[in-house]
Each structure stands twice: as C-alpha cells, then as structure tokens.
Amino acid sequence: MHIYDSVKKEKLPFEPLIDDEVSIYVCGPTVYDDAHLGHARSSLSFDLLARTLKALGYSVTMAKNFTDIDDKIIKKVRESGRSIEELTTYYIDRYLSDMDAINVLRSDIEPKATESMDAIESMIARLIKLGFAYRIDSGDVYFDTSRDAKYGDISHMVSDDTVSRIEHTSQKRSSKDFALWKACNDSDDICFDAAFSSGRPGWHIECSAMIEKHFEGNDEYSIDIHGGGADLLFPHHENEAAQSRCATGREVAKYWMHNGFVQIDGEKMSKSLGNSFFLKDALEVYDGEILRYYLNSIHYRNDFNFNEEDLLVSKRRLDKLYRLKKRVSPTKPTNPSSRFKSALLSAMSDDLNISVALSVVDDMIMETNEKLDNNPKDKVLKRETLANIELVDQILGVGYRDPFEYFQIGIEQELKDEIEALLLVRAEAKKVKDFATSDRIRDQLTTMGISIMDSPEGTQWEKLL
RNA sequence: GGAGCCAUCGCCAAGUGGUAAGGCCGCAGCCUGCAAAGCUGCUAUCCCCGGUUCAAAUCCGGGUGGCUCCUCCA
C-alpha cells in the first residue's frame, strides 16, 4: 500500500505502527444540518481506504467523530427551540442513514464531543500546566503557538500577523493562538463546567482528545492515518497536531490524507455560496448506489465537479456490471480470479487509484462477456465471476444488489405486471412473425421508460433512466 | 497581500523521465426479423514559451487560465 501524505506532499509506502493493524481517524461532521455531497465524498473516500486496507489483510479500526457542540449548533438550538440533545441526535441519525444509503461502512468508533468532555478537560489542563496554553480573564483558554517550535509544519502556512484575517482578541498573545476553551458569555449558552471556567471546547481540541482516549499508538505516533477534507488542513489539523504534540509528546498521526472538494459548476459547494447540495436531496433523485459509484469514480484528492451528465455515465458503467451479474445468476460463488484480484488490489494499493481499479473491473466484465458469448454455459466461469463481483462489492462497495432488482429500481409492482403482460403479448406476436405488433409493443414500452432485450432465453427488460 | 493545487481526445479521467490506460459519445462490423444488450475494430502527443536530458505529458523557469486555503466549512 502506498499513500500520498498531504503533509509531506509525497506518496509513501504505508508502514503501520503495529503490524497488520491500522488506526484511522477521520474528522466527521458538525451536526447542525443535513449532510451534503461534500460530507458524502469525504466519507466515501475513507470508506474506500478502509475497505482496501481490510482487503489487503489489515485489521482496521476507524474512528469518525461527531462535533455536537459549537457556535452553529447553539445558534440553531436557540432558533429552533429544540434541546441540543434533540437537535444533534436528529442530525446524527440523519447523517448515518444518508451514509448507509451510499453504502458507507460504519466507523468502529463514533465519538461525540459532548461524551468526551473528561478527555478534553484533562488535555487542556495538561497543556496549561505544561505552559503550552494560557487562560485569559474572560475564562477563555488559548494555545500558545509560540511555544510549539513545530507549529506550521503540518500546513506549511507561514501566517504573517499583518495580513492575517483572524480577528485579534486583545488578550491573545498572538493572532496565531487559537481557543482551546471558550468561556460562557450569555446565560443561555450551553456550558460545561471545567477547572478553568464554565464553557465549551474550541473546535480543534476534541479531535486531539478523542484520539488520545481511543487509540494506543506507539512512542512516536498516536494513530496511523488522519483524514479529512482538504479545507481542514489549516487551521484545523495544524492546531490539532500542535495540541496533541505538546500534550502527549508525540505526533498525532503518521500519515495525513485529505480529500478534494465537491464543486458545483466549477465552484466550491458551500452554504455561503448558496449552491450546497444535500445528500438527502440527491438521494431523492438518484439511487444511492449510483451516487456512490459516481462520487467514488474520481480520485479522492481531485476536485469533483458534480453534474448529472457524468452521473449518468457512471450509471451506464454500473449497468454493465449488473448485466454481467444477471448473466451469471443464479449461481454459487467460488473464489475470485487471482489475476483479477491482484490487479484490483494493486490499483487500489496505489493511493486508491480508482480510475485504474474501475478499468480493471471493466476489463473483467468485457473478458467474461466474451467468454460467455462463446460458451454460455460455462459454470466454472459463472461461479468465479460471481465471486469477482462480490470482490468488487467488498472493495469498492458496489454491485451488491440482486441484478434483476437493480434494473427495476422505482418500478411499482402494478407496472411490473403490466410490463410482463405486454411482453407476453409481444412474445406471442413474435412467434407468429407479427413484427408490426411486436415492434409497436416495444415502442410502447420505450415510451414507458422501459428498454427490452431479446435473447434465446427470452426477453428481459430494464428501466431506462 | 501571503500559500498551495490543477490544466491530458467532443465530454469524464489514468499516467510523475522511456515513447499517451479506461469510460461516455461517435463511426464501421458481428449478432438480431429489426432493435437493444454483448462482442470486435477505429479516433489525442498531453494550455503556451523557454530550459535540463540520449529521452519529458511527466523535471526546472516564465506565461496564461481555473480552483482552493489564509474566516465556520468535508
């Protein structure tokens, strides 16, 4: 396995801290709203990573946090009149069910900030005690970036005070310093008691604290891989790394991976630009598995320009996989072809080279179709092929459905019966060579959005998209 | 103002020094009553200029264009 480390900016051979074990921490969402396509892409990227590492034989432990306390959440609590627990629980459930819809494997650990307050408080207290952090009169606690010689090594950001756009707080020693703890201001703030003040954690500290709480690591690092969106590199990961380094005496992660953005019409998707696209809205229009294939079809580090035309191309590619699955069903899978397996794993082992991986899948489909054209009853081939498709599911997370149902997504039983009835009439017409009638029925089905294909074994139909 | 990423066939997209994967679309053919599906074949010298090298899409310098980060953000 080779991984592109976005801190070292080079592709490196992956060597885990502990043999055959991999620890991954991914920055999860702040739960004050529904998940958008960007969350989906991030989830999907690291899902691919976890699946690949598992297929390579590693035992993977993945954590993804939920930030369930912060300014935006408090704002929403005030606006909605709902309790914070009610609100965050709702959005956590929404997030998980949306991710389920695109077949993202659940993380092994899903820590919440509010359930990690002990770890957070203890880390902040330690940073104060060691002189890496200071408390100001308001009760806020800041990290003193000047005390960390390695501050800046993660993002390579040489931030100059004169051009910094960060607001200066009068008592902050440097504009680069950041909040570890924010004291309560208003009476209706949501606060937690701590030794330094009643307040709530800053944005970055929870990740450091959770990693310390849930992972052992070794003398040098706490975890193997730290992931997140490209926008988190600075300041979030820079600050997180600094906190962890100073509090624990070791680096937080050996490898850093950052996924690229989802763009709409060539621009970053964001709330402020008003072009954000909720995953749940996309799921109302497009099937989750097709969305998954599409969102994963481009390398995770590249920017992703979301558009329907490309999504339909992805659907066509996935259709081919399912047509092959139809051809080999029903049968019992044996073992995947070793040539196919090694080609697929080798592609994914190269920093998740999905383009090559998908072309390996396409090659397998084409070769198998050709062989089946020549020998339609090759049982051994069929069984191996089904195992190949199961491997595709295991590593890429697509192709898991019943192939006949796949082509009938969204078709009601009533319509199915109607289609079957029409096909019966058409079969009769064909039998007596009444092609005018059979073609008329085919046209009728096309109008209904149904594509049909004749074969020696009978006529099959598919829903056109 | 500072920092970084990217630019490959009509479209999407691999390839990071050794002579351009794959998909979609298109064209031709096999198959088919005709189609569809499936299969076969065909289609690029890599934004521009200069440099390094026996050899560059791949490295270096300079342009141009697009995007991102420096503010909550996946």
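In the text below, chain A, chain B and the rest are named by the order of the sequence lines, each starting its count at 1.
- Taking a 4.0 Å limit (strictly below) on heavy-atom distances, residues 426-442 of chain A reaches RNA chain B at A:R426, A:K430, A:F435, A:S438, A:D439, A:R442.
- Pairing partner, B:G1: B:C70, with both Watson-Crick or wobble hydrogen-bond distances short of 3.5 Å.
- Rounded to the nearest Å, the gap between the P atom of B:G18 and that of B:C25 is 33 Å.
- The 5' end of RNA chain B is approached more closely, in terms of each residue's nearest nucleotide, by A:L358 than by the other of A:P29 and A:L358.
- Between A:F304 and A:N259 there is no side-chain heavy-atom pair separated by less than 4.5 Å.
- Between the CD1 atom of A:I354 and the P atom of B:G15 there is a distance of 12 Å, given to the nearest Å.
- Atom CG of A:L295 is separated from atom P of B:A13 by 13 Å (rounded to the nearest Å).
- For A:R323, a side-chain nitrogen or oxygen approaches OP1 or OP2 of B:G38 to under 4.0 Å.
- The shortest distance between the side-chain N/O atoms of A:N353 and the OP1/OP2 oxygens of B:G15 is below 4.0 Å.
- With rounding to whole Å, A:H299 atom NE2 is found 12 Å from B:G15 atom C1'.
- Scanning atom types as modelled, one donor and one acceptor separated by under 3.5 angstrom connect the side chain of A:H36 and the base of B:A74.
- Between the NE2 atom of A:H258 and the C1' atom of B:A74 there is a distance of 10 Å, given to the nearest Å.
- With A:N374 contributing its side chain and A:E370 its backbone, the two residues share a donor-acceptor pair below 3.5 Å.
- Set against B:A21, B:C72, B:A74, the side chain of A:S359 has B:A21 as its closest nucleotide.
- Ion pair A:D351/A:R301 flagged as a salt bridge, since at least one NZ, NE, NH1 or NH2 atom sits closer than 4.0 Å to an Asp/Glu carboxylate oxygen.
- Residue contacts shown for A:S355 include a base, since a base heavy atom lies under 4.0 Å away.
- Atom CG in A:L232 sits roughly 16 Å away from atom P in B:U68 (whole-Å rounding).
- Across the interface with RNA chain B, nearest-nucleotide mapping of A:D310 and A:L37 shows A:D310 to be the residue nearer the 5′ end.
- Taking the six-membered ring where tryptophan is involved, the planes of A:H204 and A:F178 are perpendicular, since the angle between them exceeds 60° and thus also 30°.
- A:V262 comes within contact range of at least one nucleobase, with a heavy-atom separation under 4.0 Å.
- Nucleic acid contact for A:Q263: sugar-phosphate only, since backbone atoms but no base atoms lie under 4.0 Å from a heavy atom of the residue.
- Judged by Watson-Crick or G-U wobble contacts below 3.5 Å, the nucleotide B:C42 has B:G26 as its partner.
- Ion pair A:D5/A:K254 not flagged as a salt bridge, since none of the NZ, NE, NH1 or NH2 atoms sits closer than 4.0 Å to an Asp/Glu carboxylate oxygen.
- Straight-line distance between the P atoms of B:C6 and B:U53: roughly 26 Å, to the nearest whole Å.
- Relative to the ring axis of A:F407, A:K326 places its NZ or CZ within 45° and under 6.0 Å from the centre.
- Near-neighbour residues of RNA chain B inside residues 99-114 of chain A, defined by a heavy atom below 4.0 Å, are absent.
- No salt bridge links A:K371 with A:D378; every basic N to acidic carboxylate O contact stays at or beyond 4.0 Å.
- Among B:A74, B:A13, B:C11, the nucleotide with an atom closest to any side-chain atom of A:D231 is B:A74.
- Taking the charged nitrogens against the carboxylate oxygens, A:R426 and A:D454 do have a contact shorter than 4.0 Å, which makes a salt bridge.
- Shown here, B:G18 forms a base pair with B:C54; the pair counts as Watson-Crick or G-U wobble because both key distances fall under 3.5 Å.
- In this entry the distance linking CG of A:D303 with C1' of B:A74 reads 12 Å, nearest Å.
- Under the side chain to side chain donor-acceptor pair (under 3.5 Å) criterion, the residue pairs touching residues 357-368 of chain A are A:R317-A:D362, A:R339-A:E367, with sequence neighbours excluded.
- Of all nucleotides listed (B:A37, B:A14, B:A35), B:A35 comes nearest to the side chain of A:D454.
- The pair A:R327-A:D373 counts as a salt bridge, with a side-chain nitrogen and a carboxylate oxygen less than 4.0 angstrom apart.
- Ranking B:A74, B:A14, B:C72 by closeness to the A:K72 side chain, first place goes to B:C72.
- Applying the ring-ring contact (aromatic ring centres under 6.0 Å, His included) test to residues at least two apart or on different chains, the pairs with a partner in residues 94-113 of chain A are A:F66-A:Y95.
- Among the heavy atoms of the strands lying under 4.0 Å from A:G260 is at least one base atom, whether or not backbone atoms are also near.
- Both tests pass for A:K72 against the ring of A:Y32: distance under 6.0 Å to the centre and angle within 45° of the axis.
- The base-pairing partner of B:A7, taking Watson-Crick or G-U wobble contacts with both distances under 3.5 Å, is B:U64.
- For A:F261, taking side-chain heavy atoms from C-beta onward, the closest of the listed nucleotides B:C69, B:A36, B:C72 is B:C69.
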>> Within the 4.0 Å limit for protein heavy atoms, which parts of nucleotides 24-29 of chain B are touched? Write it as a string from 5' to 3', B for base, S for sugar-phosphate only, - for none.
In response: SS----
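- The OH-P distance, from A:Y300 to B:A14, rounds to 12 Å in whole Å.
- Of the possible donor and acceptor atoms, none in the side chain of A:D350 sits under 3.5 Å from a partner among the backbone N and O of A:N353.
- In this structure, A:I298 places its CD1 atom 20 Å from P of B:A21, rounding to the nearest Å.
- Donor-acceptor pairing under 3.5 Å is recorded for the side chains of A:Y322 and A:E289.
- Using a cut-off of 4.0 Å between Lys/Arg side-chain N and Asp/Glu carboxylate O, A:K112 and A:D68 are scored as not salt-bridged.
- The side chain of A:M453 lies closest to B:A37, out of B:C72, B:A21, B:A37.
- Across all strands, A:G229 comes closer than 4.0 Å only to sugar-phosphate atoms, never to a base (heavy-atom distances).
- Residues A:E206 and A:T67 bring a donor and an acceptor atom of their side chains to less than 3.5 Å of each other.
- Proximity of residues 362-372 of chain A to RNA chain B (heavy atom under 4.0 angstrom from any strand atom) is restricted to A:D362, A:M366, A:N369, A:E370.
- Considering every non-hydrogen atom in both A:P29 and A:N65, the closest pair reads CD-O, 3.6 Å.
- Applying the Watson-Crick and G-U wobble criteria (two distances, each under 3.5 Å), B:A13 pairs with nothing in any strand.
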